[in-house]
Amino acid sequence: MSNFITSNCATLSGSIKVPGDKSISHRSIILGSISHGITKVSGFLEGEDSLATLNAFKSMGVKIERNGSNVVINGVGMHGLKAATSPLNLGNSGTSMRLMSGLLSAQSFDSELCGDESLSKRPMGRVIEPLRQMGADISGVDSKPPLSIKGGNQLSAIEYTLPVASAQIKSCVLLAGLYSEGKTTVIENGVSRDHTERMLRGFGYDVDSSHNTISIQGGGSLQACEIEVPSDISSAAFFMVAACISENSNIVLKAVNINSTRTGVIDILKLMGGKIELTNERLQAGELIADIKVYSSRLKGIQIPKNLVPIAIDEFPVLFIAASCAQGETVLTGAKELRVKESDRIQVMADGLTSLGIENEVLEDGIKIKGGQFKEQTSLIKSHHDHRISMAFAIASVRSKFNIEIEGVDNVKTSFPNFVELANSIGMSIKEVA
Ligand code: S3P
C-alpha cells in the first residue's frame, strides 16, 4: 500500500493534457467488441478500470491489441462473444460491472462477474431489477457482487424509468436493449452522461432521444469506427480546483471533453467565483472538446444547485476542497449517490476535512462546509482506497502550510495513472511512498 506525502507549493503554471476519458474508454471496448470490423481507438485511458474492461473482452474471445493508448479491436459482431473460462474480474470498476451486466444478460452463455473489496460492496440491485424485468437471469449476493448471469434468455424490451440519475443504469438497459425484442425506452429523472447514446450513433446504431427519453430498437448491428478519446474532465477537475485555490497561478488543460452532461464542475466553480475560460472549442469523434484556462480565483461559498449534481457527480471530492478554501459556507444536498461510490464520499471527505481543521456538517444527502484554513493534520487521511479521495486531498496541499499525508493511494491508477507526474509538472509537490 502506498501513501502520498505532499508539501506546499508556490504558484502553478503550465499547459498539460490529462489522460483519456474513462467512460468513453470503457464504451469504446464494449461497442468495438460487438461491432463488425476493426475499431481503432486512440487516447484510450491506460487506467486499471478501463483495462479491466479490455481484459474482460479479451477473455471472451475478442482479439484486442494495445500499444500504449492506441487500441485496435477486431469486432466479433453482436453474437460472436464466447464464454470466459474463469470469472471476469473487474477490479474496482463499477462502470465495467454495470454496463457488462446488461450486455452479458443477453448472451447465449453464462457469466460470473466479480471485483475487489470496494466493488464487492457496491449496489447492483439497480441493474438486476430492470434486467430481470427484461427476462434476464441475474443474481448477486444480497444484490451485491459477485454477479451470476445465466445465458440463453431472449430478452424483451421494456420502458424503464430510472430511480436515480445514473448513466450506468441507463447504459446497462440500453446495451441489453440492443438484443431485446421490441423498442427499449429509458426515461431519466435527471441528466446523466450520454456517451453510450453518442457512441452507439457513431457505430451506426439508431438511438432516439428527446428531452429525458431514450429509445432503441433491438436486433440491429454495429459497424466498426475510429474513436479518438478526449481528455477526461473528471481528471482535469483536480487541476481546475488546484489553480483556482492557489496564488498567482494560471494553467491550461488541453483538449478536454466538455460534453454538457459532464460540465457541472465548471458551472459550480464559476458560481463560486472561479476564473475559467474555454477556448478553441471543437468536435472530436462526436464529442465537444476545448482547452480550459484556469486562473487563481477568490472563491466564495454557495448553495450548489441540485440540477448540477448529476453532471458533476464524480467531481465532488475535489469540489469539497474548493469549498474548504472559499469564503463562507458551501451547502450540497441531493447528492445521496455519493455515499455509494468507490467509498462513502460524503463521510470519507468529511473525516479528512475534519482532520485538516475544516468545519463541516454531514447531511444525509450532502454536506455543509465552512471555508477556513488547513491546519496541521490531526490524523493520517484515509482514502478508503478511493482514487478520487486520494487525489482531492493531494490538491489541498496547494493551500496547506503543512505536509499532508494520505494513506492508501494505489487506486489512483484506476483512473489517472500519471496524476503525480502531471501535478508536479505544473508546480505541485507530491511524493508517492511505499
Ligand atoms: C459513469 C457514470 C457515473 C460515474 C462513474 C462513471 C459511466 O456513475 O459516477 O464514474 O461511465 O457511466 P452513475 O451512472 O452510477 O452515476
Side-chain angles (χ1 to χ4, degrees), residues 19-31 44-45 47-50 52-54 90-103 115 118-119 121-130 143-145 160 162-176 186 188-200 214 227 229-230 232-238 257 259 261-265 287 306-319 334-346 365 386-389 391-392 411-412 414-416:
D21 187 273
K22 183 152 75 72
S23 297
I24 297 176
S25 295
H26 283 297
R27 287 158 172 81
S28 69
I29 300 291
I30 299 174
L31 297 188
F44 182 78
L45 170 66
E48 286 175 353
D49 277 12
S50 37
T53 297
L54 186 151
L90 303 171
N92 194 244
S93 178
T95 308
S96 312
M97 187 165 286
R98 298 206 177 106
L99 269 56
M100 287 174 61
S101 313
L103 186 74
S118 148
L119 183 54
K121 290 188 196 138
R122 298 186 65 188
M124 293 296 151
R126 51 182 61 198
V127 291
I128 293 175
E129 162 70 25
S143 295
K144 298 206 167 93
Y160 191 67
L162 297 181
V164 283
S166 163
Q168 294 183 349
I169 313 178
K170 169 176 67 177
S171 305
C172 166
V173 174
L174 290 176
L175 290 172
V186 180
E188 299 199 89
N189 65 2
V191 179
S192 72
R193 63 193 69 190
D194 65 356
H195 305 300
T196 301
E197 299 92 296
R198 278 173 193 265
M199 203 182 282
L200 277 170
I214 305 115
I227 298 169
V229 182
D232 198 329
I233 191 166
S234 298
S235 297
F238 294 101
N257 186 208
N259 176 321
T261 61
R262 297 287 298 280
T263 44
V265 61
E287 292 279 356
K306 279 206 175 123
N307 64 314
L308 296 180
V309 172
I311 62 169
I313 195 69
D314 290 338
E315 286 67 74
F316 284 108
V318 78
L319 282 169
K336 215 171 171 179
E337 276 296 295
L338 290 180
R339 292 199 180 267
V340 290
K341 292 292 176 189
E342 286 83 330
S343 69
D344 174 347
R345 287 184 172 160
I346 294 176
D365 63 343
D386 182 333
H387 55 138
R388 298 200 201 280
I389 301 283
M391 292 186 275
N411 274 345
V412 167
T414 60
S415 67
F416 200 163

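Both ligands and their constituent atoms are indexed starting at 1 by order of listing. Counting begins at 1 with the first residue of the sequence. Source: prediction; values computed, not measured. Both backbone and side-chain heavy atoms feed into the values below; hydrogens, waters and symmetry mates do not.
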Are any of the N/O atoms on [X], whether in the backbone or the side chain, positioned under 3.5 angstrom from an N/O atom of ligand 1?
X	result
Ser171	no
Glu337	no
Asp314	yes
Arg126	no
Ile313	no

Item to check | Subset of ligand 1 atoms that lie under 4.0 Å from at least one heavy atom of Ala167 | outcome: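 Numbered from 1, ligand 1 contributes 12 (O), 14 (O).
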Item to check | Point-to-point distance, once rounded to the nearest 0.5 Å, from CG of Leu90 to CG of Leu119 | outcome: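 Result: 7.0 Å between the selected atoms.
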Next on the checklist: To the nearest 0.5 Å, what is the distance between CG on Asp194 and CD1 on Ile214?
Outcome noted: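 It is 8.5 Å, given to the nearest 0.5 Å.
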Checklist entry - Is ligand 1 under 4.0 Å from a heavy atom in the side chain of Lys170, in the backbone, in both, or in neither? => result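 Near ligand 1, Lys170 shows nothing, with every heavy atom at 4.0 Å or more.
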Next on the checklist: If we set the cut-off at 4.0 Å for heavy atoms, which region of His195 has an atom near ligand 1: side chain, backbone, both, or neither?
Outcome noted: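 Looking at His195 and ligand 1, no heavy atom falls under 4.0 Å.
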Checklist entry - Hey, looking at atom 16 (O) of ligand 1, which of Glu342, Lys341, Lys22 has the closest heavy atom? => result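 Looking at heavy atoms only, the winner is Lys341.
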Among all the protein's non-hydrogen atoms, which is closest to [atom], and how far away is it?
atom	result
atom 6 (C) of ligand 1	Thr95 OG1, 3.4 Å
atom 15 (O) of ligand 1	Ser166 OG, 3.2 Å
atom 1 (C) of ligand 1	Gln168 NE2, 3.6 Å
atom 11 (O) of ligand 1	Ser23 OG, 2.7 Å

Checklist entry - Counting N and O atoms only, with roles assigned by atom type, does the side chain of Arg122 sit under 3.5 Å from a partner on the main chain of Ser118, one being a donor and the other an acceptor? => result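 No; judged by distance alone, with no hydrogens or angles, the pair does not exist.
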Checklist entry - Side chains of Ser166 and Arg98: donor-acceptor distance under 3.5 Å anywhere? => result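 Side chains of Ser166 and Arg98: no pair found under 3.5 Å.
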Checklist entry - With no hydrogens and no angle check, do the side chains of Ser234 and Arg262 hold a donor and an acceptor under 3.5 Å apart? => result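 Side chains of Ser234 and Arg262: pair found under 3.5 Å.
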Hey, are [X] and [Y] close enough for a salt bridge, meaning a charged N less than 4.0 Å from a carboxylate O?
X	Y	result
Arg345	Asp386	yes
Arg126	Glu337	yes
Lys22	Asp314	no

Checklist entry - Is Arg27 near ligand 1, meaning one of its heavy atoms is under 4.0 Å from it? => result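 Right, Arg27 reaches ligand 1.
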Next on the checklist: When you compare the side chain of Glu197 with that of Thr261, does any pair of heavy atoms fall below 4.5 Å?
Outcome noted: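 A side-chain contact under 4.5 Å is absent here.
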